[in-house]
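Reading through the structure tokens given below for one structure.
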Amino acid sequence: MKVIITGASAGIGLAVCQRFLQDERITVVGIDVNPGELVNDRYHHFLANVANPESLPDIKGVTHLINNAGVQNTTQDIAINLGGVMNCTRLYGLQPAIQSIVNVASASAHSGAEFPEYVASKGGVVAYTKWTALQVAQYGATCNSISPGGVLTELNRPVMDDPEKWQAIMNETLLPKWASSEEIAQWVYFMAIINRSMTAQDILVDNGEMAKANFVW
């Protein structure tokens with residue numbers, strides 16, 4: 001199996017690379033604007049910007065695609081978070097060898113509780129996932145998305161290191177914690193490699209952020 005993982009240098013993407021490399025059947029190709037830190041005979045890293053299709057490497061025989069690259073609250077949220085998913089899917093996913101595509105969306109795609117361009121981009125990812133599932137079904141392949149809530153990554157460091165903001169977030173979370181990158185990576189591995197029958201679905205992994213409710217009588 002040959003798996004492409006975008007946003008592979010840090011955070012969720014790095015954890016996903018490490019999880020897939022535990023499976024000795026898999027060769028992993030990482031794509032990121034930053035250099036990769038992984039050292040493994042089955043890992044290959046390319047410097048490229050997913051928002052620029054002309055910068056993407058020509059890679060043949062891709063069996064699995066993990067569209068993970070993303071930014072938050074920048075001028076490039078839509079170009080990278082949504083445009084990047086579309087660019088990589090067109091190049092690597094819509095072809096006969098593909099077996100599975102997993103797109104990393106966000107709980108914010110459902111709640112709308114984030115920066116405007118960010119929620120728009122991630123909402124688009126969820127919709128595009130369903131479109132893609134229709135296209136790759138002819139190859140017997142699946143396409144799903146995962147929508148994490150809060151994840152313990154450097155991208156979220158500004159609120160993780162602010163005690164007041166962190167407590168406010170925990171007050172809004174049914175299970176008062178955030179997921180680790182490694183846990184999200186396990187979900188992605190299951191959805192891409194183990195799963196054979198689920199497609200066109202979005203999986204919400206948010207510690208109950210969306211489920212939190214207070215009953216007043």
Side-chain angles (χ1 to χ4, degrees), residues 1-9 12-33 36 38 40-70 76 78-105 109 121-147 184-185 187-203:
M1 291 179 281
K2 183 182 289 186
V3 181
I4 288 181
I5 300 169
T6 67
S9 293
I12 292 173
L14 176 59
V16 172
C17 288
Q18 293 169 325
R19 176 62 187 90
F20 276 70
L21 286 170
Q22 293 175 17
D23 188 329
E24 295 184 354
R25 303 169 298 169
I26 295 175
T27 296
V28 174
V29 179
I31 296 176
D32 203 297
V33 293
L38 283 174
N40 188 294
D41 290 340
R42 290 180 287 110
Y43 181 75
H44 310 280
H45 193 86
F46 288 93
L47 292 175
N49 182 353
V50 296
N52 178 12
E54 295 182 358
S55 77
L56 294 170
D58 183 17
I59 304 170
K60 304 298 184 184
V62 177
T63 59
H64 297 74
L65 172 62
I66 314 300
N67 284 310
N68 164 76
Q76 292 292 298
I78 292 176
I80 293 173
N81 298 353
L82 179 55
V85 170
M86 298 176 74
N87 291 336
C88 291
T89 299
R90 278 193 297 263
L91 185 59
Y92 307 123
L94 303 181
Q95 45 86 17
I98 198 69
Q99 296 178 24
S100 178
I101 300 172
V102 178
N103 300 323
V104 178
S121 68
K122 293 300 188 177
V125 168
V126 173
Y128 184 70
T129 294
K130 296 181 180 181
W131 179 89
T132 304
L134 292 169
Q135 311 310 308
V136 300
Q138 63 183 307
Y139 308 125
T142 63
C143 180
N144 298 286
S145 57
I146 182 170
S147 284
I184 301 302
W187 277 98
V188 172
Y189 178 85
F190 176 85
M191 293 166 69
I193 304 299
I194 308 300
N195 168 57
R196 289 291 185 271
S197 301
M198 178 181 69
T199 195
Q201 301 300 310
D202 180 70
I203 302 301

Measure the spacing between OG1 of T63 and CD of Q95 and express it to the nearest 0.5 Å. 8.5 Å
Under the side-chain contact (heavy atoms from CB on, under 4.5 Å) rule, what do S147 and V126 come out as? Steps first, then yes or no, please. CA-CA 9 Å; S147 284; V126 173; 4.3 Å; yes
After noting the C-alpha distance and the side-chain angles of Y92 and I31, does the key distance pass the side-chain contact (heavy atoms from CB on, under 4.5 Å) rule? CA-CA 12 Å; Y92 307 123; I31 296 176; 3.9 Å; yes
Would you check if the side chain of S55 reaches a backbone N or O of N49 as a donor-acceptor pair within less than 3.5 Å? yes
dist N40:CG -> Q18:CD (nearest 0.5 Å) comes out at 10.0 Å
What pair of heavy atoms forms the shortest contact from A105 to S145, and how long is it? CB-CB, 4.4 Å
Hey, does the side chain of N144 reach the backbone of Q201 with a donor-acceptor pair shorter than 3.5 angstrom? yes
Working to the nearest 0.5 Å, report the span between NE2 of H64 and CE of M191. 12.5 Å
Between CG of N81 and NZ of K122, what distance do you get to the nearest 0.5 Å? 4.5 Å
Looking only at heavy atoms, what is the nearest atom pair of A141 and T199, with distance? O-OG1, 4.3 Å
Are the side chains of L21 and I26 in touch, meaning some heavy atoms are under 4.5 Å apart? no
Any side-chain heavy-atom pair from L56 and C88 closer than 4.5 angstrom? yes
Correct closest heavy-atom pair for A192 and F20 would be CB-CZ, 3.9 Å
Rounded to the nearest 0.5 Å, what separates atom CZ in F190 from atom CG in N195? 6.0 Å
Show, in sequence, the C-alpha distance, side-chain angles and deciding distance for Y128 and W131, and conclude whether the ring-ring contact (aromatic ring centres under 6.0 Å, His included) test is met. CA-CA 5 Å; Y128 184 70; W131 179 89; 5.3 Å; yes
4.5 Å side-chain heavy-atom contact, H44 and I59: no
Closest non-hydrogen atoms of Y43 and C17, given as atom of the first, atom of the second and distance, are CE1-SG, 3.9 Å
Can you give me the closest heavy-atom contact between R196 and T142, atom names plus distance? O-CG2, 3.8 Å
The single option from I98, V136, V102 that satisfies side chain to side chain contact (heavy atoms under 4.5 Å, CB included) with C143 is V136
Distance check, rounded to the nearest 0.5 Å: W187 atom CH2 versus I12 atom CD1? 13.5 Å
Exceeds 12 heavy-atom contacts within 6.0 angstrom, atom CD of E54: no
Just wondering, do V188 and R19 contact through their side chains at under 4.5 Å, heavy atoms? no
Tell me whether the count of non-hydrogen atoms from other residues, nucleotides or ligands lying under 6.0 Å of CD in E24 goes above 12. no
Please examine the side chains of I66 and V3, heavy atoms only from C-beta on, and report whether any two atoms are closer than 4.5 Å. yes
Side chain to side chain contact (heavy atoms under 4.5 Å, CB included) partner of T129, the single match among T89, N103, D202: N103
Using side-chain heavy atoms (C-beta onward) and a distance below 4.5 Å, is N68 in contact with V16? no
One pair to check against side-chain contact (heavy atoms from CB on, under 4.5 Å): N87 and V50. What are the steps and the verdict? CA-CA 7 Å; N87 291 336; V50 296; 5.8 Å; no
Give the minimum heavy-atom separation between A8 and H45, together with the two atoms involved. CB-CE1, 4.4 Å
